Colleague: 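The structure's right below; bear with me while I get my questions together.
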Amino acid sequence: MRSVVVLISGRGSNLQALLDAGLPVSAVISNLPGAAGLAIAAKHGVPSRVVSHKDFASREAFDDALAKEIDRYSPRLVALAGFMRVLTPGFVQRYRDRMLNIHPSLLPAFPGLNTHQRALAEGVKLHGCSVHFVTADLDHGPIVAQAAIPVRREDTAASLALRVLKQEHVIYPRAVRWFLDGKLVIESGTVSVKGNDAQLVFDDSP
Ligand code: GRF
C-alpha cells in the first residue's frame with residue numbers, strides 16, 4: 001500500500017531521498033507549478049498535482065483544496081518536504097500526529113527562514129536539522145529526529161546548507177520509516193522510538 005503524500009514547493013531533494021529509500025509515496029503535491037520536485041515525481045512514476053495558492057482568496061480556501069487532494073490518496077502520513085506555505089490551524093488539526101516536517105536547524109533554535117545565516121550570525125558551534133510533527137506553531141512540534149554538525153570557522157551559509165542538507169537526507173527517510181512501522185510514540189509533547197534510541201545523528205565529516 002502506498003501511503004505517504006509529500007508536499008513540496010521547490011527543488012525536491014528530500015522527496016528524492018524519501019523515494020531513494022524506497023518509501024511508499026503515493027502522490028506529490030506542489031503549491032508551485034514550476035517546482036523542480038515535480039519532475040522527480042514523474043521520473044519515479046509517482047502521480048503529482050499542483051494546487052496553486054494563487055488560485056484561492058484565503059489561506060483557509062487553499063488549505064481546504066489541498067486537504068481534498070491529499071485525502072484522495074488516503075495517506076497514513078503527510079510529509080512536508082520544503083513546502084513553503086504556512087498552514088491554518090484547521091489543516092494542522094486534520095493531520096494531527098500524522099504530518100511531519102523537515103527543518104534546517106536544531107529546533108527550537110532558528111524556526112523560520114534563513115536558518116544557516118542566522119546560525120552563523122549567532123556564532124553557534126553546533127547546527128543541524130530536525131524532523132518534527134507539525135503543530136499550529138510554525139516549525140515547532142514534537143521532535144522525532146535531529147542531526148547535528150559542527151560549525152567551522154571557515155563555514156559560509158552555503159557550506160552549512162550543503163552539510164545540513166546531506167543530513168536531512170539521512171534523518172527524514174529514517175523518521176518516515178519509523179512512523180510507517182508504527183514505532184513513534186508521542187507522550188507529553190516528546191517523541192520516542194520503540195526499540196530504538198538513534199534519534200540523534202552527529203556528523204563530524206568535512
Ligand atoms: C530543506 O532545507 C528543508 O529542510 C526545508 O526546505 C528545504 C527543502 O529542500 N524545509 P528540498 O526541496 O527538499 O531540496
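Predicted, not measured: the structure shown is a model, and the values here were computed from it. All ligand and atom numbering here is 1-based and tracks the order in the structure.
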Colleague: Under 3.5 Å, side chain of Thr115 to main-chain N/O of Pro104, donor-acceptor pair present?
Modeller: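 Pair found, side chain donor or acceptor close to backbone of Pro104.
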
Colleague: Nearest protein heavy atom to atom 9 (O) of ligand 1, by residue and atom, and its distance?
Modeller: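 Result: Arg11 NH2, 3.0 Å.
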
Colleague: Over 60° means perpendicular and under 30° means parallel, so classify the ring planes of Phe62 and His53, tilted if in between.
Modeller: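 His53 and Phe62: perpendicular rings.
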
Colleague: Can you find a non-hydrogen atom of Gly37 under 4.0 Å from ligand 1?
Modeller: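 Contact check Gly37 vs ligand 1: negative.
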
Colleague: Using only heavy-atom distances, determine whether the side chains of His44 and Gln16 contain a donor-acceptor pair under 3.5 Å.
Modeller: yes

Colleague: I want to confirm something. Looking only at heavy atoms, which of Ala36, Ser13, Pro104, Ala81 is nearest to atom 5 (C) of ligand 1?
Modeller: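 It is Pro104 whose heavy atom sits nearest to atom 5 (C) of ligand 1.
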
Colleague: Which protein heavy atom lies closest to atom 10 (N) of ligand 1, and at what distance to 0.1 Å?
Modeller: Ile102 O, 3.0 Å

Colleague: Using the rule given for side chain to side chain contact (heavy atoms under 4.5 Å, CB included), can you reason through Arg98 versus Tyr95, listing the C-alpha separation, both sets of side-chain angles and the distance that settles it, and then say yes or no?
Modeller: CA-CA 5 Å; Arg98 56 189 191 100; Tyr95 300 106; 3.6 Å; yes

Colleague: What part of Glu168, side chain, backbone, both or neither, has a heavy atom within less than 4.0 angstrom of ligand 1?
Modeller: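 Within the 4.0 Å criterion, Glu168 contacts ligand 1 through side-chain atoms alone.
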
Colleague: Quick one: look up the protein heavy atom nearest atom 12 (O) of ligand 1 and list residue, atom name and how far away it is.
Modeller: Gly12 N, 2.8 Å

Colleague: Can a non-hydrogen atom of Ile8 be found less than 4.0 Å from any atom of ligand 1?
Modeller: no

Colleague: Note the single closest protein heavy atom to atom 8 (C) of ligand 1, along with its residue, its atom name and the distance in Å.
Modeller: Gly82 CA, 3.5 Å

Colleague: Keeping the roles fixed (side chain from Asp63, backbone from Thr88), state whether a donor-acceptor pair exists under 3.5 Å.
Modeller: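 At least one qualifying donor-acceptor pair exists.
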
Colleague: Any donor-acceptor pair under 3.5 Å linking the side chain of Arg163 with the backbone of Pro150?
Modeller: yes

